[in-house]
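What follows is a single structure, written as structure tokens, with notes after it.
We count ligands from 1, going down the list as the structure has it; atoms in each ligand are counted the same way.
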Amino acid sequence: MYVLHIGNKNYSSWSLRGWLAMKLSGAPFDEVVVQLSGTWNAQWRSFSPTARVPALRDGDIDVWDSLAIAEYLAERHPGMWPADPVARAWARCVAAEMHSGFSQLRNDMTMCIRERVDVRPWSAGLQGDIARIAEIWTEGPRRFGAGGPYLCGSFCLADAFYAPVAFRFQTYGVALEGAAGEYCRTLLAHPLLRQWEADALAETAVVEADEPRVIYRDKLARNA
Ligand SMILES: N[C@@H](CCC(=O)N[C@@H](CS)C(=O)NCC(=O)O)C(=O)O
């Protein structure tokens, strides 16, 4: 049986990707939720050499890092990437782009599912990241969306990688127009995102380092 270690569902965007990949595989797994604290936790080295989540254990094989987990599972379980090679190449590119890029978005819009805040004005870098995401969320459904409402038709790993962005946009009130906005709403309504969100809302732990109302205390006070 696979074992997946993940962090608090309210905050852990990387964990959400790993968890969605696990769910998408259709394989049964044990889910172990560990509490983020905002500081490096050496004890987590018992399940991941980086002491970070998500981390997958498959027998005596450890797979850490959400993209590696996605690829490991996709090698073993069919249908996690699009079947069409052109769509698959595109899906892999946008998942990789999410994995290695969008640092401004990651930094300025921490995932905190339970929160709703308006922290405008957004920096030029953040606006650039949002514009690129709108472009991806428009291009995918237009080029590959004939078979369904997701980036490449059916829900696949590329959607899993953008799921935390949809939660971030919900928290920070980023309302995209047109097809990108429609995709964002569709993603948030997916049963797996709804399940994750319900679990996140049931959590009570607070990690100040990831709390928008702590990070943006001064700005929110000025905007009030
Ligand atoms: N690139 C890694 C990033 C993992 C990561 O940074 N996870 C965060 C939680 S969302 C973490 O474990 N933080 C704990 C820490 O920084 O000590 C992945 O894709 O899995």
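- Look at P54 and you'll find a heavy atom under 4.0 Å from some atom of ligand 1.
- Within the model, atoms CG of L188 and CZ of R194 stand 9.0 Å from one another, a figure rounded to the nearest 0.5 Å.
- Inter-residue side-chain proximity for R17 and P164 is flagged as met; some heavy-atom pair is nearer than 4.5 Å.
- Put simply, CZ on F167 and NZ on K9 are 10.5 Å apart, with the number rounded to the nearest 0.5 Å.
- Counting heavy atoms under 4.0 Å from ligand 1, residue I69 does not touch it at all.
- For atom 18 (C) of ligand 1, the closest non-hydrogen atom of the protein is S66 N, 3.3 Å.
- Note that CG of L187 is 10.5 Å distant from CD of Q170, once rounded to the nearest 0.5 Å.
- Contact record, F144 with L151: CB-O, 3.9 Å, taken as the closest heavy-atom pair.
- The shortest distance between side-chain heavy atoms of F102 and I130 does not fall below 4.5 Å.
- Shortest contact from atom 10 (S) of ligand 1 to any protein heavy atom: S12 OG, 3.0 Å.
- Shortest contact from atom 6 (O) of ligand 1 to any protein heavy atom: R52 NH1, 3.2 Å.
- For the pair R185 and E182, the salt-bridge criterion is not met [side-chain N within less than 4.0 Å of a carboxylate O].
- Judged by the shortest distance from any of its heavy atoms, T50 lies outside the 4.0 Å radius around the atoms of ligand 1.
- Residue-level proximity to ligand 1 for H99 is carried by the side chain, the only part with a heavy atom below 4.0 angstrom.
- The single protein non-hydrogen atom nearest to atom 7 (N) of ligand 1 is V53 O, 2.8 Å, given as residue, atom name and distance.
- For atom 17 (O) of ligand 1, the nearest non-hydrogen atom of the protein is W40 CA, 3.4 Å.
- Considering only non-hydrogen protein atoms, atom 5 (C) of ligand 1 sits nearest to W14 CD1, 3.3 Å.
- Looking at atom 2 (C) of ligand 1, its nearest protein heavy atom turns out to be D65 OD2, 3.5 Å.
- When the heavy atoms of F161, W64, W44 are ranked by distance to atom 14 (C) of ligand 1, first place goes to W44.
- Taking a cutoff of 4.0 Å between a charged side-chain nitrogen and a carboxylate oxygen, R114 and E211 qualify as a salt bridge.
- Within ligand 1, the atoms closer than 4.0 Å to a non-hydrogen atom of T39 are 17 (O), numbered from 1 in the order shown.
- With respect to E115 and R213, a salt bridge is recorded, a charged nitrogen being found less than 4.0 Å from a carboxylate O.
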